[in-house]
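Beneath this line is the structure, given in structure tokens, with notes to follow.
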Amino acid sequence: MKNLTFRPEIAQKTLWVITWVVIFVIGLLSFIALLITVGPLVFGLCILAWLIIMIPIIIWIPIAFRALEYYIDGEGVKMKGGVIWRKHVTVPYLKITNVDVTQGPLQRYYNIGTIHIQTAGAGGQQGAKAELKLTGIRKLEEIRDIIIKNVKSISYLNSGHKKPEKEIIADYKSPVLENMLEELKAIRKELEEKG
């Protein structure tokens with residue numbers, strides 16, 4: 001299995017900034033509406049409190065973005081991040097039950113998305129909670145396929161079979177699956193051209 005180390009695309013940081021700017025503007029408009037009902041002193045204190053909350057968040061975003069890294073290796077899928085409290089998450093291939101890809105409207109605009117890696121132990125309805133989220137990923141299908149291939153490879157070898165990895169890869173790339181993939185790519189291309 002090939003080791004892969006990657007980081008979120010810079011567009012992810014832009015999306016985080018956009019989100020917080022929208023929250024900031026909505027809060028500011030709320031405070032302006034508040035000015036009508038309260039005096040200028042209370043209004044000034046509210047604006048000051050809002051700025052004390054928002055400015056550190058805007059400073060925090062680039063620091064948190066730089067700390068975020070993802071790894072795919074022989075053990076599983078890993079994430080490292082955090083600013084004050086460092087967080088290292090490892091999801092072993094044997095525990096992975098589902099790998100989903102999502103893209104919101106702004107993510108589609110920036111051509112990035114999120115890969116959700118779920119385990120049986122995460123609980124809840126399928127798709128409700130991912131054990132690990134890889135955000136800001138540009139090559140969504142490629143990375144999802146690598147993870148799925150590794151899950152199948154590990155699961156197959158742990159089931160008692162001693163089939164070499166090259167044969168497993170050959171099974172994964174059967175002509176039927178290759179034809180289906182090509183057809184799906186053609187459909188996706190047509191939809192993108194129309195939409």
Side-chain angles (χ1 to χ4, degrees), residues 1-23 56-159 161 165 168-169 171-173 177 180-181 184-185 188:
M1 283 179 212
K2 152 179 127 171
N3 292 346
L4 186 63
T5 301
F6 54 101
R7 302 175 54 77
E9 297 291 327
I10 194 75
Q12 183 62 46
K13 182 169 74 168
T14 304
L15 288 179
W16 288 342
V17 170
I18 289 170
T19 301
W20 283 102
V21 165
V22 167
I23 291 171
I57 289 172
I58 296 299
I59 293 170
W60 187 275
I61 289 172
I63 298 168
F65 179 78
R66 279 193 304 270
L68 199 53
E69 285 185 300
Y70 307 120
Y71 309 94
I72 297 174
D73 61 19
E75 293 178 35
V77 182
K78 301 174 181 180
M79 185 271 304
K80 179 178 81 170
V83 177
I84 295 174
W85 288 277
R86 300 295 290 164
K87 182 177 182 179
H88 295 265
V89 177
T90 300
V91 180
Y93 293 123
L94 286 173
K95 302 285 184 189
I96 295 174
T97 58
N98 198 28
V99 182
D100 293 328
V101 171
T102 60
Q103 278 186 305
L106 284 175
Q107 286 177 317
R108 279 195 306 272
Y109 176 78
Y110 285 107
N111 194 26
I112 61 173
T114 303
I115 298 174
H116 302 264
I117 300 171
Q118 299 168 333
T119 65
Q125 194 177 34
Q126 185 172 355
K129 181 183 183 299
E131 189 76 26
L132 180 61
K133 292 181 183 180
L134 310 178
T135 58
I137 306 301
R138 190 166 310 275
K139 298 177 181 179
L140 290 167
E141 285 81 17
E142 181 182 328
I143 292 175
R144 182 199 60 214
D145 290 346
I146 289 169
I147 294 168
I148 290 171
K149 181 189 88 153
N150 291 347
V151 167
K152 286 182 179 183
S153 177
I154 293 293
S155 297
Y156 189 83
L157 292 174
N158 282 344
S159 67
H161 295 88
E165 185 175 331
I168 294 169
I169 292 170
D171 288 347
Y172 180 71
K173 294 196 175 222
L177 292 177
M180 288 172 56
L181 179 61
L184 287 172
K185 285 180 180 178
R188 180 179 184 177

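Atom OH of residue Tyr109 and atom CD of residue Gln103 lie 14.5 Å apart, to the nearest 0.5 angstrom. Asn98 contributes atom CG, which lies 8.0 Å from atom CD1 of Ile148 (distance to the nearest 0.5 angstrom). Note that the OH atom of Tyr93 and the NZ atom of Lys152 stand 14.5 Å from one another [nearest 0.5 Å]. Of the inter-residue distances, the one linking Lys95 atom NZ with Thr90 atom OG1 reads 13.0 Å to the nearest 0.5 angstrom. How far CD1 of Ile18 is from OH of Tyr110: 3.5 Å, rounded to the nearest 0.5 Å.
Applying side chain to side chain contact (heavy atoms under 4.5 Å, CB included) to Leu68 and the options Met79, Lys87, Lys13, Lys80 leaves one that passes, Met79. Considering Ile146, Ile147, Asn150 in turn, Ile146 is the only one that fulfils the side chain to side chain contact (heavy atoms under 4.5 Å, CB included) rule with Leu4.
With sequence neighbours left out, the side chain to side chain donor-acceptor pair (under 3.5 Å) criterion links Thr102 to His116. Considering only residues two or more places apart in sequence or on other chains, Glu141 meets the side chain to side chain donor-acceptor pair (under 3.5 Å) condition with Arg188. Listed by chain and number, the residues in a ring pair (Phe, Tyr, Trp, His ring centres under 6.0 Å) with Phe6 are Tyr70 (sequence neighbours excluded). Scanning for side chain to side chain donor-acceptor pair (under 3.5 Å) contacts around Gln107 gives Thr114, with sequence neighbours left out. Residues that satisfy the side chain to side chain donor-acceptor pair (under 3.5 Å) test with Arg7, not counting sequence neighbours, are absent from this structure.
Of all non-hydrogen atoms in Ala67 and Gly82, the two that sit nearest each other are CB-O, 3.3 Å. Scanning all heavy atoms of the two residues, the minimum distance from Gln12 to Ile112 falls at OE1-CD1, 3.6 Å. In this structure, Thr135 and Pro8 approach most closely via the heavy-atom pair O-CB, 3.3 Å.
In terms of modelled atom types and a separation under 3.5 Å, the side chain of Thr19 and the main chain of Leu15 share a donor-acceptor contact.
Residues Ile117 and Glu131 fail the side-chain proximity criterion, which asks for heavy atoms closer than 4.5 Å. Counting heavy atoms from C-beta outward, Val77 and Ile115 have side chains that stay 4.5 Å or more apart. Annotation: side chain of Trp16 is not in contact with side chain of Ile57 (no heavy-atom distance under 4.5 Å).
For Lys133, the NZ atom sits in a loose shell: 12 or fewer heavy atoms of surrounding residues, nucleotides or ligands are nearer than 6.0 Å.
Within the structure, no pair that satisfies the salt bridge (charged side-chain N to carboxylate O under 4.0 Å, His left out) test touches residues 58-68, not counting sequence neighbours.
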